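What follows is a set of notes on a single structure, which appears directly below.
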Protein chains: 2
Amino acid sequence: MIRVMITDDHLIVREGLRLILETADGIELVGEAKDGAECLELVKKLNPQVILMDLQMPRMDGITAIEHLRKDYPEIAIVILTTYNEDDLMIRGLQSGARGYLLKDSSRENLIDTIHAAAKGETLLKPEILARVLSSKTSVKKEAATQTESILTERELEVLQLASLGERNKEIAYKLGITERTVKAHLQSIYQKFGVDSRAAAVAIVAQKGMLKE
Amino acid sequence: MIRVMITDDHLIVREGLRLILETADGIELVGEAKDGAECLELVKKLNPQVILMDLQMPRMDGITAIEHLRKDYPEIAIVILTTYNEDDLMIRGLQSGARGYLLKDSSRENLIDTIHAAAKGETLLKPEILARVLSSKTSVKKEAATQTESILTERELEVLQLASLGERNKEIAYKLGITERTVKAHLQSIYQKFGVDSRAAAVAIVAQKGMLKE
DNA sequence: CGCCATATTGTCCATTTGGACAATGTACTA
DNA sequence: TAGTACATTGTCCAAATGGACAATATGGCG
């Protein structure tokens, strides 16, 4: 029996996964967490072999949680749960030590296969994804900032990065655990610093400066 | 006397340039055109040595005009007039054979110096701009399209490229000589093909696919 | 201890955007 | 010739965004 834990902020996703996992042979669902912080709290008690980890969550996101887990529980296999294909966050997650990824609309077989593979220490990645991971820079942490980057505050960068993935203010607010109004405030500040007046223009600048890539 | 011609769709710009050029020694303003098409019509009669060329204009844009001029009047020096620094359109214009570029808020001295240099056959480019021109691909024309590119029609690409520069629908419509409604139609089509539902998301995809760079 | 940067949130309103219905003309192709 | 793809434009409305006024709290620094 493979001990599996779920970390996802969406109730529906958790329920759906539970339904699938509880009826799968050789898999035991040992617990669930609603965000990265809760995941770290519960992991010792639940002692999972595999963690299905969402990336975008309030309080503590999946990337941060993965980094902590790699340090404290390197033997646990982490599988990223993501909505979109080729998500930059997913790349970062894989760089941080996740062992695979799953689209949230994966088939039941795909899901179960991936969990088994992760438990056995294998990595299941599409080749093109693997190539992207290997070719992109390893250091995820902040480093010598470029001109544009240094102008922005940490929070503004977070907001801008989500906006650059096409997220709406409402979604950004939810993911950062703040109100939509605050998101707008950060965006306004960003626009001022960039000398633009629309999110599309800001995203374009970010894209051209290469702030998205890496 | 250097015979200079202006091609720009903005009355204010033309007026401003005229004011400067008419009081400059050794420079004779021989005519003005409101877009690329008119420029090509007038160029034979006006016989300019230097053409100041805007890039974004209705009917026929500056890039197209430059390509025609290079073919039929290679002796004419073309100087690009642009609003922004490091504009991708400017790069393409320079690749198409323009001999220099001017920001529209250039100083009077800068403007006159550039015209004199262009007339003498010199090229006035900031080093970093020159580097970008040389390092980018030479062929501006359509070539083997990437996955994402091939999905889109020519027109959709035009719209998307402007949107990716932060332009609003109204501006895009004006620059392409169509209505705002049509711009929205193209965007809707693009969103469908990309599987997104906002221009920011579309711009982000374009940026990640590298469709902006080159 | 006050100043400053930062983060946070509020209301109100004009503009922009996205989507749902469309329709028309042109050009190419089976 | 009929069908298809494409570009074009229309109205109407809901949602999202941008900007103008804000205010409050926190933490660092001189």
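A quick note: this is a predicted structure, and the numbers were derived from the prediction, not measured. The chains referred to below are lettered A, B, ... by the order of the sequence lines, with proteins before strands, and numbering in each begins at 1.
Map B:Ala185 and A:Ala185 each onto its nearest nucleotide of DNA chain C; the residue landing nearer the 5' end is A:Ala185.
Atom CZ of A:Arg181 and atom C1' of D:dG19 are 9 Å apart (whole Å). Rounded to a whole Å, the CG atom of A:Leu160 is 16 Å from the C1' atom of D:dG18. One interatomic measurement links the two molecules: CD of A:Glu158 to P of C:dT6, which rounds to 14 Å at whole-angstrom precision. B:Lys184 places its NZ atom 17 Å from the P atom of C:dA22, with the value rounded to the nearest Å. Atom-to-atom, CD of B:Glu180 to P of C:dT15 comes out at 12 Å; the value is rounded to the nearest Å. In this structure, CZ of B:Arg168 is placed 11 Å from P of C:dG18, rounded to the nearest angstrom. Rounded to an integer number of Å, the gap from B:Leu176 CG to D:dA7 P is 11 Å. Straight-line distance from the CD1 atom of B:Ile172 to the P atom of C:dT17: 8 Å, rounded to whole Å.
A donor and an acceptor atom, one from each side chain of B:Ser189 and B:Glu156, are located under 3.5 Å apart.
For B:Glu180 and B:Lys170, the salt-bridge test fails: no basic side-chain N is under 4.0 Å from an acidic carboxylate O.
The phosphate of C:dT16 (OP1 or OP2) has a side-chain N or O of B:Lys170 nearer than 4.0 angstrom. Regarding contacts with the backbone of D:dT9, a side-chain N or O of B:Thr179 is found under 4.0 angstrom from either OP1 or OP2. The side chain of A:Thr182 places no N or O atom within less than 4.0 Å of a non-bridging phosphate oxygen (OP1 or OP2) of C:dA7. Neither OP1 nor OP2 of C:dT16 sits under 4.0 Å from any side-chain N or O of B:Asn169. The phosphate of C:dG19 has OP1 or OP2 within less than 4.0 Å of a side-chain N or O from B:Gln188. Under 4.0 angstrom from either OP1 or OP2 of C:dA7 there lies no side-chain N or O belonging to A:Arg155.
Within 4.0 Å (heavy atoms only), A:Ser198 reaches sugar-phosphate atoms of the nucleic acid but no base atom.
Looking only at distances, a side-chain donor or acceptor of B:Glu171 sits under 3.5 Å from a matching main-chain atom of B:Arg168. Checked by atom type and distance alone, the side chain of A:Ser164 pairs as donor or acceptor with a backbone atom of A:Leu160 at under 3.5 Å. Judged purely by atom type and a 3.5 angstrom limit, A:Tyr191 has no side-chain atom pairing as donor or acceptor with the backbone of A:Ala202.
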